[in-house]
J.: 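Quick one: the structure is below, and I'll ask about it shortly.
Both backbone and side-chain heavy atoms feed into the values below; hydrogens, waters and symmetry mates do not. Note on naming: letters A, B, ... go to the chains in the order of the sequence lines (proteins, then strands), and numbering restarts at 1 for each one.
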Amino acid sequence: MSWKETLADQMPADWAREIEVFEAQMELRREGKLDEKIFAESRLRRGVYGQRYDNGHRHDGVESQTLNFPAAPLTKGPETMWDAPGMVRIKIPYGGVTPDQMDVMADLAEEYSDEILHVTTRQDFQLHFVHIEDTPDLMRRLAAVGITTREACGNSVRNITACPIAGVCHDESFDVTPYASATMKYLLGHPDVQDFGRKFKVAFSGCQQHACGLVAMHDMGAIAVKKTVDGVQKRGFSLHVGGGLGAVPHQAKVMEEFVPEEELLPMFQAVSRVYARLGEKKNRGRARIKFLIAKLGIEEFQKLVREERKVLPHDDRWTSYLKDVPSYREDAAKEGSSLNGAGHPEGFDDWSHTNVYHQRQKGYAVVSITLPLGDMTSFQARELAKITRRYVGEALRTTVEQNMVMRWVSEADLPAVYLELKRIGLGQAGAESIVDLTACPGTDTCKLGIASSRGLAGELRGRLLAKRAQLDPAVQKLRIKVSGCFNSCGQHHISDIGFYGNSRSVGSYKVPHFQVILGGQWVENGGAYGLAIGAIPSKRVPEFVDRITERFVRDKLPEESFQDFTRRIGKLELRGMLDDLMKVPAYEQDKSFYSDWGDPREFTMGDMGAGECAGEIVSLVQVELAAAEREVFEAQLEMEKENYPLADERAYHSMLQAAKALVKVQFLDVGEDPASIVSEFKTRYIETQLFNDRFAGGKFANYLFQRFETTPVKFTRDSVRQLIEEAQLFIEAAYACQLRLSEKKTA
Amino acid sequence: MNPNRICVKLFAAETPAAKILDCVPVFHKWIQKRNVSGHLLIDVADYSHVWQGPGIMLVAHEANFSTDQSAGRLGLLYQSKRPMEGDFEARVGFAIKAVAAACVQLETDLPGKIKFLGNEIQISLNDRLAAPSDQEALKSMESELTGLLAKLYPGESPTVEGVADGKSRPTITVRSAQPIDVKTLLERLA
Ligand code: SF4
């Protein structure tokens with residue numbers, strides 16, 4: 001038995017089919033029948049990412065070695081070897097994960113990865129060093145517990161994040177969880193979000209003043225707002241667009257002050273359409289929505305979105321979920337009761353001070369589980385699942401600070417939960433403090449990494465933990481975040497003390513450096529970005545952290561925040577604090593500066609590769625034509641298995657798919673109905689002769705029309721083979737048509 | 001039963017002087033010199049910050065080698081990741097050989113700082129499709145490995161202790177009373 005057979009009836013049919021489609025695409029790629037760029041975009045859209053060294057080269061500190069992967073020269077994308085280990089990103093909408101899902105992810109980490117589950121800054125899980133051949137089964141095992149990796153990477157709507165304390169928070173307008181969940185379901189695979197030039201990140205927040213949702217740094221975000229309309233209090237959202245970190249950080253702009261809840265999904269859809277239509281497609285460095293909004297201005301963008309909203313075809317799903325919203329709640333496993341002077345085990349008070357949040361609901365608390373650098377072992381994940389079941393039932397969430405929270409813990413159980421977490425090495429105090437650093441993968445696994453963000457974060461964490469008890473309370477509250485390059489996945493712009501990796505040349509050597517960013521704002525949804533002060537050698541960063549924190553303690557005014565402090569003393573003065581640290585001793589004097597934290601190899605930039613963060617820029621029509629090609633390939637497989645009716649259906653559908661791909665270039669809302677696809681195709685491509693080939697004219701289109709008009713009553717091998725051949729010719733003609741049109745456009 | 005993925009761990013003798021971080025430069029050197037035969041070495045991953053985790057991991061195409069600290073006991077763990085050749089006994093034999101050779105190499109590269117035991121082997125099945133975590137898996141492991149264990153510990157009757165809790169990987173730990181070093185263990189597999 002295979003996983004496919006074992007789990008066949010344990011997942012939605014469309015999810016099972018999507019995984020089969022991906023498997024078929026893998027097969028096509030192996031056979032050289034699918035272009036590597038198109039396969040790369042398809043795999044990214046399934047959450048299957050490349051990893052450092054997957055171009056088949058790695059600098060070993062002395063020379064660049066060729067990694068002779070067995071399947072070479074087969075690739076899974078441009079300069080990406082087929083069987084090089086890669087990363088799989090597992091999308092966890094709003095961070096909500098159940099114990100059963102944790103168990104499965106623990107199994108997957110053990111069997112396919114490196115026994116580590118990594119929580120990202122966008123509430124996803126990531127597994128590293130995964131072989132592509134294992135990914136379909138990995139996806140099936142996730143799908144069987146309700147998780148999809150679809151659109152976890154690539155130019156698509158990524159995971160939708162939300163406050164991890166939504167629903168239990170004292171300050172929220174209302175619980176955003178059901179809205180985040182509905183948005184995820186609505187936008188997942190939606191045709192209007194398939195033609196973006198870059199990734200698109202969405203976040204929800206329950207209030208304006210706190211940080212949890214980080215709406216200000218997202219492409220699109222919604223903050224819960226209540227408003228009285230005609231004497232009735234209504235739920236709605238303020239909508240924010242165009243935020244983003246990256247090399248050029250932008251604060252999101254308010255697009256609508258109040259959108260009633262029933263308008264949330266159509267407005268998101270309208271924004272998506274405008275972005276897909278007008279967003280940059282060729283220059284990926286300027287393709288995020290923030291650049292489009294900067295170009296058009298928020299007023300013009302708002303006008304376009306409102307116009308688009310008016311012409312959107314109605315969809316019942318916009319509001320169908322709302323009937324369940326009032327009754328949405330997480331069930332606590334136990335009665336909430338207070339701690340009431342019960343004994344406190346050793347370490348409990350310290351832990352409880354930093355890692356416990358008392359819920360709005362009396363007698364309950366949220367417990368933060370600090371994960372060093374976002375990592376936990378499969379053993380810890382499985383044990384955490386057990387503890388969750390025992391004390392709270394299901395209520396577990398990931399956070400954007402790479403931790404997890406357990407919600408609905410009865411306060412009376414806090415000492416027991418603490419001891420249980422401590423038993424499995426997850427009882428570390430100091431959540432959301434200076435010892436709880438955030439770091440992106442950096443040079444450990446990311447192809448774009450310049451310096452070792454995890455190496456640095458690990459080093460700082462070790463040093464700060466060792467002296468945590470002696471740190472001034474004002475310093476304890478600070479946050480440090482580290483990115484391996486300017487792309488900001490470690491969110492360095494919104495931390496008190498942030499760093500991103502770069503490099504400087506000293507003589508003929510390269511030296512790993514980190515740019516220092518000070519005074520970013522975490523509160524108010526990541527409301528302000530920090531100041532870049534200067535770059536210092538990686539090995540001097542710990543000294544700088546000591547220096548700036550000591551200065552803060554010494555010179556801060558009463559009640560002054562770190563942001564205010566850095567602004568008051570000014571960039572010049574801050575820069576002065578770096579001057580002596582910027583110096584790099586000569587190689588002969590101190591070689592340690594010439595290698596990075598946790599990596600004894602002499603530092604090099606030679607291992608950087610082309611990033612896949614954005615996916616390849618492949619147009620929607622190309623993706624859909626490739627899908628048509630894959631379907632006709634599947635038709636052949638069904639014919640070989642003598643499943644003639646299914647083979648016929650697949651071949652016919654592949655032609656419809658190719659026709660639809662072309663129609664969508666002109667008319668996005670063509671839908672799935674064969675009659676309207678055929679009719680639109682006739683009007684737009686046959687009557688205009690756009691489909692006509694110089695030699696064959698419109699002949700190949702007749703294959704589609706014939707099959708559309710006459711459904712066969714009898715299926716034979718010959719009849720099916722003929723239809724498959726016709727479908728192949730039709731798809732070829734569609735490709736040729738697309739090529740002619742794009743050449744015309746460029747000319 | 002013939003699971004595709006197998007884990008084998010050999011334990012370090014009590015309180016080694018080496019710190020797991022000492023393995024970072026050693027593993028990098030192994031990659032430089034390509035000196036783990038039959039394996040395409042790719043990278044070194046540092047998980048030393050994780051409690052009782054894989055510590056330092058040498059990632060190869062075929063398998064991961066890690067300074068595993070699970071259950072609080074340091075050892076070198078071999079975690080196969082690609083389909084293996086032969087029957088179950090051959091696969092386990094291959095994994096033991098690979099990890100024992102790596103242990104011998106580590107003893108050489110960290111002289112006097114670490115020693116591995118040859119008389120205790122932990123074997124886990126890492127393929128829940130072929131081998132769910134149950135008593136049956138444990139029984140099969142024990143019966144199918146009789147010949148291999150006789151070869152590893154001739155003239156002895158090593159104890160075999162099994163754990164299968166329905167979730168974690170079915171695991172047996174084989175112990176022989178007679179202490180031997182890993183070099184001897186490796187020679188017996190030759
Ligand atoms: S910030 Fe740079 S190094 Fe870090 S994950 Fe993003 S792209 Fe990679």
J.: Under a 3.5 Å distance rule, please check whether A/E111 uses its side chain to pair with a backbone N or O of B/R128 as donor and acceptor.
T.: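 Yes, the answer is positive, given that a donor and an acceptor are paired below the 3.5 Å cut-off.
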J.: Could you state the interatomic distance from CD (A/E5) to CG (B/L129), rounded to the nearest 0.5 Å?
T.: 9.0 Å
J.: Could you have a look at A/M376, A/R461, A/H131, A/E133 and say which one has the most heavy-atom pairs with chain B under 4.5 angstrom?
T.: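 The answer is A/H131.
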J.: Is it the backbone or the side chain of B/H61 that comes under 4.5 Å from a heavy atom of chain A, or both, or neither?
T.: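 For B/H61, the side chain is the part near chain A, not the backbone.
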J.: Given that the side chain runs from C-beta out, which part of B/D43 has a heavy atom under 4.5 Å from chain A: side chain, backbone, both or neither?
T.: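 Both the backbone and the side chain of B/D43 come within 4.5 Å of chain A.
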J.: With a 4.5 angstrom heavy-atom cut-off, is it the side chain or the backbone of A/R52 that approaches chain B, or both, or neither?
T.: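 For A/R52, there is no contact with chain B at all, as no heavy atom is under 4.5 Å.
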J.: Taking every non-hydrogen pair under 4.5 Å, which of B/V59, B/D68, B/V44 racks up the most with chain A?
T.: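 Most heavy-atom pairs within the cutoff with chain A belong to B/V59.
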J.: I'd like to know which of B/M57, B/R34, B/Q52 tops the heavy-atom pair count under 4.5 Å against chain A.
T.: B/R34
J.: If you count heavy-atom pairs under 4.5 Å with chain A, which of B/S168, B/S80, B/S70, B/S66 comes out on top?
T.: B/S168
J.: Count the heavy-atom pairs under 4.5 Å between each of A/N68, A/T6, A/I116 and chain B, then report the option with the highest count.
T.: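 Greatest number of close heavy-atom pairs with chain B: A/I116.
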J.: Is B/L77 close to chain A through its backbone or its side chain, or both, or neither, when contacts mean heavy atoms under 4.5 Å?
T.: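 Answer is side chain: those atoms of B/L77 sit under 4.5 Å from chain A.
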J.: Just by modelled atom types, is the A/S113 backbone N or O under 3.5 Å from a matching donor or acceptor in the B/N64 side chain?
T.: yes
J.: For A/K422, I'd like to know if atom NZ has over 12 heavy atoms of other residues, nucleotides or ligands within 6.0 Å.
T.: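 Enclosed: over 12 neighbouring heavy atoms sit under 6.0 Å from NZ of A/K422.
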J.: Shortest non-hydrogen contact from A/G598 to B/V24?
T.: O-CG1, 3.8 Å
J.: Non-hydrogen atoms of chain B under 4.5 Å away: do they reach the side chain of A/F129, the backbone, both or neither?
T.: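 For A/F129, the contact with chain B is made by backbone and side chain together.
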J.: If you count heavy-atom pairs under 4.5 Å between each of B/I56, B/N4, B/L21, B/D127 and chain A, which one has the most?
T.: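 So the answer, after comparing B/I56, B/N4, B/L21, B/D127, is B/D127.
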J.: Has the side chain of A/R601 got a donor or acceptor atom that lies under 3.5 Å from a matching backbone atom of B/H28?
T.: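 Side chain of A/R601 to backbone of B/H28, a donor-acceptor pair under 3.5 Å: no, none is there.
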J.: Does any heavy atom of chain B fall under 4.5 Å from the side chain of A/L67, the backbone, both, or neither of them?
T.: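 Both backbone and side chain.
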J.: Just how far is it from atom CD of A/E383 to atom NZ of B/K167, taken to the nearest 0.5 Å?
T.: 10.0 Å
J.: Kindly compute the distance separating NE2 (B/H49) from CG (A/L465), expressed to the nearest 0.5 Å.
T.: 12.0 Å
J.: For a quick test of reading the model, state the closest non-hydrogen atom pair linking A/P600 to B/P25 and the distance between them.
T.: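 So the two residues come closest at CG-CA, 3.8 Å.
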J.: Counting only heavy atoms from other residues, nucleotides and ligands, does the tally under 6.0 Å from CD of B/E136 exceed 12?
T.: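 Result for CD/B/E136: open.
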J.: Counting only non-hydrogen atoms closer than 4.5 Å, does B/L41 touch chain A with its backbone (N, CA, C, O), its side chain (CB onward), both, or neither?
T.: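 The backbone, not the side chain.
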J.: When rounded to the nearest 0.5 angstrom, what is the spacing between OG1 in A/T377 and CH2 in B/W51?
T.: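 Reported value, rounded in 0.5 Å steps: 7.5 Å.
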J.: Could you check which of A/D137, A/L371, A/D103, A/D444 has the highest count of heavy-atom pairs closer than 4.5 Å to chain B?
T.: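 Of the options given, most contacts go to A/D103.
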J.: Supply the atom-to-atom distance A/F69 CZ to B/I42 CD1, rounded to the nearest 0.5 angstrom.
T.: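 Here the interatomic distance stands at 4.0 Å.
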J.: Would you mind checking which part of A/D107 comes under 4.5 Å of any heavy atom in chain B, side chain (CB onward), backbone (N, CA, C, O), both or neither?
T.: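 Backbone plus side chain of A/D107, per the 4.5 Å heavy-atom cut-off to chain B.
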J.: Measure distances from B/N126 to the heavy atoms of chain A and classify the residue's part below 4.5 Å as side chain, backbone, both or neither.
T.: both
J.: Output yes when a side-chain donor or acceptor of B/Q79 lies under 3.5 Å from a complementary backbone atom of A/E115, and no otherwise.
T.: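 No: the side chain of B/Q79 does not pair with the backbone of A/E115.
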J.: Counting heavy-atom pairs under 4.5 Å with chain B, which one of A/L426, A/T445, A/V130, A/I424 comes out on top?
T.: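 It is A/I424.
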J.: May I ask you to check whether over 12 heavy atoms, not counting those of B/E161, lie within 6.0 Å of atom CD?
T.: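 No, the 6.0 Å shell around CD holds no more than 12 heavy atoms from other groups.
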J.: Roughly how far, to the nearest 0.5 Å, is CG of B/D46 from CG of A/D599?
T.: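 Output value for this atom pair is 9.5 Å.
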J.: Side chain to side chain contact (heavy atoms under 4.5 Å, CB included), that's the test. Do B/V50 and A/Q380 meet it? Break it down for me.
T.: CA-CA 10 Å; B/V50 181; A/Q380 287 174 317; 3.9 Å; yes
J.: Given heavy-atom pairs under 4.5 angstrom as the criterion, report whether the side chain, backbone, both or neither of A/D134 touches chain B.
T.: side chain
J.: Which region of B/I31, side chain (C-beta onward) or backbone (N, CA, C, O), has a non-hydrogen atom less than 4.5 Å from a non-hydrogen atom of chain A, or is it both or neither?
T.: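 Answer is both: backbone and side chain atoms of B/I31 are under 4.5 Å from chain A.
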